[in-house]
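Notes follow once the structure below has been shown.
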2 protein chains.
Amino acid sequence: MPRIRHQNFECNAGCPVEGTLNLIDGKWKGVILYHLFEKTLRFNELRRRFPDITQRMLTKQLRELEKNELIIRKVYPVIPPKVEYSLSERGRSLEPVIMALKNWGDTYLVDKLE
Amino acid sequence: MPRIRHQNFECNAGCPVEGTLNLIDGKWKGVILYHLFEKTLRFNELRRRFPDITQRMLTKQLRELEKNELIIRKVYPVIPPKVEYSLSERGRSLEPVIMALKNWGDTYLVDKLE
DNA sequence: CAGTATCCTCTAAGATACTG
DNA sequence: CAGTATCTTAGAGGATACTG
């Protein structure tokens, strides 16, 4: 999870914005959630969808999402290992938020992503 | 502006999400935008609303928002200096996005901001 | 297959002091 | 009033190698 913001002073109305951003910030979290909206995925399925992410980073981002109770990590006790990642109810409730971000980007970021 | 993400590979559907996050990430940007939705504000008016932000940081965040064409910086050539910050049309179009973040936070972050 | 373990870099963010 | 200029630090993110 990114650093915690504004923790030590009276919370103004903008705080829930920051709090929510804290959960979905993290370089790959938005994309991970986006792909999990579609379907449950295994670790390596996620890896294949983001060729540039390192194993370490993918693990880290997934652990943070799990810690924030946005995704569920299900381990099957088999060999070879099998781990599935899916959205929790809380995670699924983020869909409109992610979509709002996506829609804005689709409209206003065309040829502006640098 | 935070680092640029995913720039060197084929953009999957999650990218506009990241692009948008890049613009509103930054520890104080969400809050700054939130306050500018209400009304145009001067530099020190913004400062007073966030007692914990340093001058340097406020300036930095404002400059980035301006560079991304989300806010407009209007300098009045008077002494003492007077500078007003207001939303651009592009910035105002972010309101539903920020509100989506805020609403989610209000609902799901109660007593969970840590 | 799904991870850890190390080591490293870079920069966002903060503290503090000064100024046209 | 609305900023710069320096200096510092924490930790996000990355590269690479190894493993139950």
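So that the names make sense, note that chain A is the first sequence line, chain B the second, and so on, each numbered from 1.
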*By side chain to side chain contact (heavy atoms under 4.5 Å, CB included), which residues pair with R47(A), not counting sequence neighbours?*
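With sequence neighbours excluded, R47(A) shows a side chain to side chain contact (heavy atoms under 4.5 Å, CB included) to F43(A), N44(A), Q55(A), L58(A), given in chain and number order.
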_Please enumerate all residues that pass side chain to side chain contact (heavy atoms under 4.5 Å, CB included) together with T54(B), with sequence neighbours excluded._
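Testing T54(B) for side chain to side chain contact (heavy atoms under 4.5 Å, CB included), a comparison that skips the adjacent residues, returns R56(B), M57(B).
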*List for me each residue that meets salt bridge (charged side-chain N to carboxylate O under 4.0 Å, His left out) alongside E95(A), sequence neighbours excluded, and say none if there are none.*
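With sequence neighbours excluded, E95(A) shows a salt bridge (charged side-chain N to carboxylate O under 4.0 Å, His left out) to R92(A), given in chain and number order.
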*asked:* Tell me the closest heavy-atom pair linking W28(A) and Q61(A), and the distance in Å.
replied: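 Closest pair (atom of W28(A), atom of Q61(A), distance): N-OE1, 3.2 Å.
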_Base contacts versus sugar-phosphate-only contacts with protein, heavy atoms under 4.0 Å: please encode nucleotides 1-7 of chain C as B, S and - from 5' to 3'._
BBBBBB-
*Each residue besides I72(A) in its hydrophobic cluster should be listed here, by chain and number; the cluster joins Ile, Leu, Val, Met, Phe, Trp and Tyr at side-chain heavy-atom distances under 4.5 Å.*
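I72(A) shares its hydrophobic cluster with no other residue.
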*When clusters are formed from ILVMFWY side-chain contacts under 4.5 Å, directly or step by step, what else is grouped with V78(B)?*
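Taking Ile, Leu, Val, Met, Phe, Trp and Tyr as members, V78(B) shares its hydrophobic cluster with Y76(B).
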Protein-nucleotide distance ([X], atom [atom1]; [N], atom [atom2]), rounded to Å:
X	N	atom1	atom2	result
L21(A)	dA12(C)	CG	P	16 Å
I79(B)	dT19(C)	CD1	P	17 Å
K67(B)	dA12(C)	NZ	P	10 Å
D25(A)	dA13(C)	CG	C1'	14 Å
E64(A)	dG11(D)	CD	C1'	11 Å

*Please, what dot-bracket string fits DNA chain C when only Watson-Crick and G-U pairs with both distances under 3.5 Å count, crossing ones use [ ] and pairs to another strand use |?*
||||||||||||||||||||
*Listed by chain and number, what are the side chain to side chain donor-acceptor pair (under 3.5 Å) partners of E89(B), not counting sequence neighbours?*
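Residues passing side chain to side chain donor-acceptor pair (under 3.5 Å) with E89(B): none at all.
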*Return each pair, listed once, that meets salt bridge (Lys or Arg N to Asp or Glu O under 4.0 Å) where at least one residue sits in residues 71-81 of chain A; pairs must be two or more places apart or across chains.*
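Of all non-adjacent pairs touching residues 71-81 of chain A, none passes salt bridge (Lys or Arg N to Asp or Glu O under 4.0 Å).
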